[in-house]
There are 2 protein chains.
Amino acid sequence: MTRSSEQIEAARQDSLGRLLLNAHRAHMSVFLEKIRQQGADDRINASLTNIMTHIPAEGIRLADIAKASNMTRQSVSQFVSELETIGYVKRIPDPSDGRATLVRFSHKGWDIMQRALQVKHEIESEVAKKLTPDGYAQLIIALKIVGSL
Amino acid sequence: MTRSSEQIEAARQDSLGRLLLNAHRAHMSVFLEKIRQQGADDRINASLTNIMTHIPAEGIRLADIAKASNMTRQSVSQFVSELETIGYVKRIPDPSDGRATLVRFSHKGWDIMQRALQVKHEIESEVAKKLTPDGYAQLIIALKIVGSL
DNA sequence: CAATAATAGTAAGGTTACCTGTCCATTTTG
DNA sequence: CAAAATGGACAGGTAACCTTACTATTATTG
């Protein structure tokens with residue numbers, strides 16, 4: 001049995017690696033599109049949203065964002081500066097340690113963050129709706145397994 | 001009910017977006033590690049393996065790799081040059097079109113490609129083994145759904 | 001069938017998302 | 001208190017792309 005080039009192409013697209021990559025890209029691009037529709041700044045991107053998810057209401061030290069996000073302090077510093085330029089975040093001195101700066105949301109930033117969480121839930125239920133009843137839970141389990149290969 | 005910062009951190013890590021990213025990274029890094037153990041050149045990386053998956057035994061035009069991989073011809077050209085340096089691929093003139101070059105595997109490249117396919121299957125069955133009987137098939141379905149969001 | 005348009009590939013330089021190396025200021029610690 | 005550790009910023013580097021611009025060749029069309 002000879003396989004057409006379409007079938008070969010389909011098989012390639014079905015590999016776990018490619019599916020994971022495509023899924024991640026699609027998810028991220030839908031997410032960015034939706035939060036921009038919610039009024040997020042056009043300069044917002046994957047890296048900046050990643051940083052933002054690590055900032056709690058009370059603020060957090062730059063070095064702690066670095067630990068939580070597995071990035072260097074230098075990279076985080078750069079992204080925090082971009083967030084500062086956009087006006088989503090402020091650097092304030094840490095009262096308990098003269099070396100440290102706390103990164104804290106501005107009103108605008110906090111607002112967008114709430115909308116982002118909302119959008120995240122929307123996307124997750126959209127996916128869940130397209131799966132069998134416990135399909136979403138299974139997906140999460142499977143992804144955790146792959147993530148800890 | 002107040003949630004500890006560990007719980008909040010766990011919730012963050014459980015978001016679909018982050019799980020997809022982690023899964024993809026883990027998968028890719030395991031894949032690269034394994035094909036290097038199979039003797040792949042140390043210079044091999046995610047981009048190069050991506051290009052390689054688009055090269056069939058009979059060879060393919062650079063522009064067709066670009067279409068299949070959603071990259072520009074320029075980027076593909078660059079990666080093909082790297083593969084050529086490693087010695088996994090050759091550029092040969094397309095007899096049917098004087099403008100075109102065919103990209104074709106060298107013996108070494110073809111060999112590594114076969115090993116890579118093998119490794120890919122290994123990883124996929126390793127994942128399948130950790131899931132319920134139809135869990136892997138479900139995962140593929142779910143990933144396709146997310147990929148076409 | 002010559003002129004024009006389209007296509008294949010390359011070259012040069014730009015952007016983005018990181019990282020390393022280094023340095024300063026401020027703690028922390030022996 | 002001197003030495004080491006920590007928090008952050010600055011400068012410069014790299015990898016994976018992309019855009020712009022160009023040449024060589026093939027296809028089209030008036």
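Just so it is clear, the structure is predicted and the values come from calculations on it, not from any experiment. All values below were derived from every heavy atom in this structure, side-chain atoms included, with hydrogens, water molecules and symmetry-related copies excluded. Numbers restart at 1 for each chain; the letters A, B, ... are given by sequence-line order, proteins then strands.
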Student: Of A/Val76 and B/Thr101, whose nearest nucleotide on DNA chain C comes first from the 5' end?
Tutor: B/Thr101
Student: The criterion is side chain to side chain donor-acceptor pair (under 3.5 Å); which residues satisfy it with A/Thr132, sequence neighbours excluded?
Tutor: none
Student: Tell me: CD of A/Glu82 to C1' of C/dT16, nearest whole Å?
Tutor: 9 Å
Student: Calculate the interatomic distance between B/Asp64 atom CG and C/dA8 atom C1'; express it in whole Å.
Tutor: 10 Å
Student: Holding to side-chain contact (heavy atoms from CB on, under 4.5 Å), I want the full list of residues that pass it with A/Gln38, two or more places apart in sequence or in another chain.
Tutor: A/Arg115, A/Val119
Student: Which donor-acceptor pairs under 3.5 Å do the side chains of residues 138-149 of chain B make with protein atoms, sequence neighbours left out?
Tutor:
from, atom 1, to, atom 2, distance (Å)
B/Lys144, NZ, A/Asp14, OD2, 3.4
B/Ser148, OG, B/Lys144, O, 3.0
B/Ser148, OG, B/Ile145, O, 3.2

Student: Which residue lies toward the 5' end of DNA chain C, A/Asn45 or B/Lys67, if each is placed at its nearest nucleotide?
Tutor: B/Lys67
Student: Using side-chain contact (heavy atoms from CB on, under 4.5 Å) as the criterion, list what pairs up with B/Leu21, not counting sequence neighbours.
Tutor: A/His24, B/Arg25
Student: How do A/Gln78 and B/Met71 order along DNA chain D: which one's closest nucleotide is nearer the 5' end?
Tutor: A/Gln78
Student: Would you say a side-chain N or O of A/Thr72 is under 4.0 Å from OP1 or OP2 of C/dC19?
Tutor: yes
Student: Near DNA chain C, under 4.0 Å by heavy atom, which residues of residues 86-94 of chain B?
Tutor: B/Arg91
Student: Could I get the full list of side-chain contact (heavy atoms from CB on, under 4.5 Å) partners for B/Ala26, not counting sequence neighbours?
Tutor: none
Student: Would you mind reading off the distance between A/Ile51 atom CD1 and C/dA17 atom C1', rounded to a whole angstrom?
Tutor: 11 Å
Student: Restricting to pairs with a member in residues 90-143 of chain B, which pass ring-ring contact (aromatic ring centres under 6.0 Å, His included), not counting sequence neighbours?
Tutor: B/Phe105-B/Trp110
Student: With a 4.0 angstrom cut-off to heavy atoms of chain A, pull out the first and last contacting nucleotide of DNA chain D, in 5'-to-3' order.
Tutor: D/dA5 to D/dC10
Student: About how many Å separate CZ of A/Arg43 and OG1 of A/Thr85, when rounded to the nearest 0.5 Å?
Tutor: 7.0 Å
Student: For nucleotides 21-28 of chain C, just jot down a letter per nucleotide in 5' to 3' order: B, S or -, based on protein non-hydrogen atoms under 4.0 Å.
Tutor: BB--BBS-
Student: Base, sugar-phosphate, or nothing for B/Ser75, non-hydrogen atoms under 4.0 angstrom?
Tutor: base
Student: B/Pro93: which residues meet the side-chain contact (heavy atoms from CB on, under 4.5 Å) condition with it, sequence neighbours left out?
Tutor: none
Student: For B/Glu84, enumerate each residue passing the side chain to side chain donor-acceptor pair (under 3.5 Å) test, keeping only those at least two apart in sequence or located in another chain.
Tutor: B/Arg91
Student: Going from CE on B/Met113 to CD1 on B/Ile35, what distance comes out if it is rounded to the nearest 0.5 angstrom?
Tutor: 9.0 Å
Student: Without placing hydrogens or testing angles, list every side-chain donor-acceptor pair under 3.5 Å for residues 62-74 of chain B, not counting sequence neighbours.
Tutor:
from, atom 1, to, atom 2, distance (Å)
B/Ser69, OG, B/Ile65, O, 2.7
B/Thr72, OG1, B/Ser75, N, 3.2
B/Thr72, OG1, B/Ser75, OG, 2.9

Student: How many Å lie between CD1 on B/Ile60 and C1' on C/dA8, as a whole number?
Tutor: 14 Å
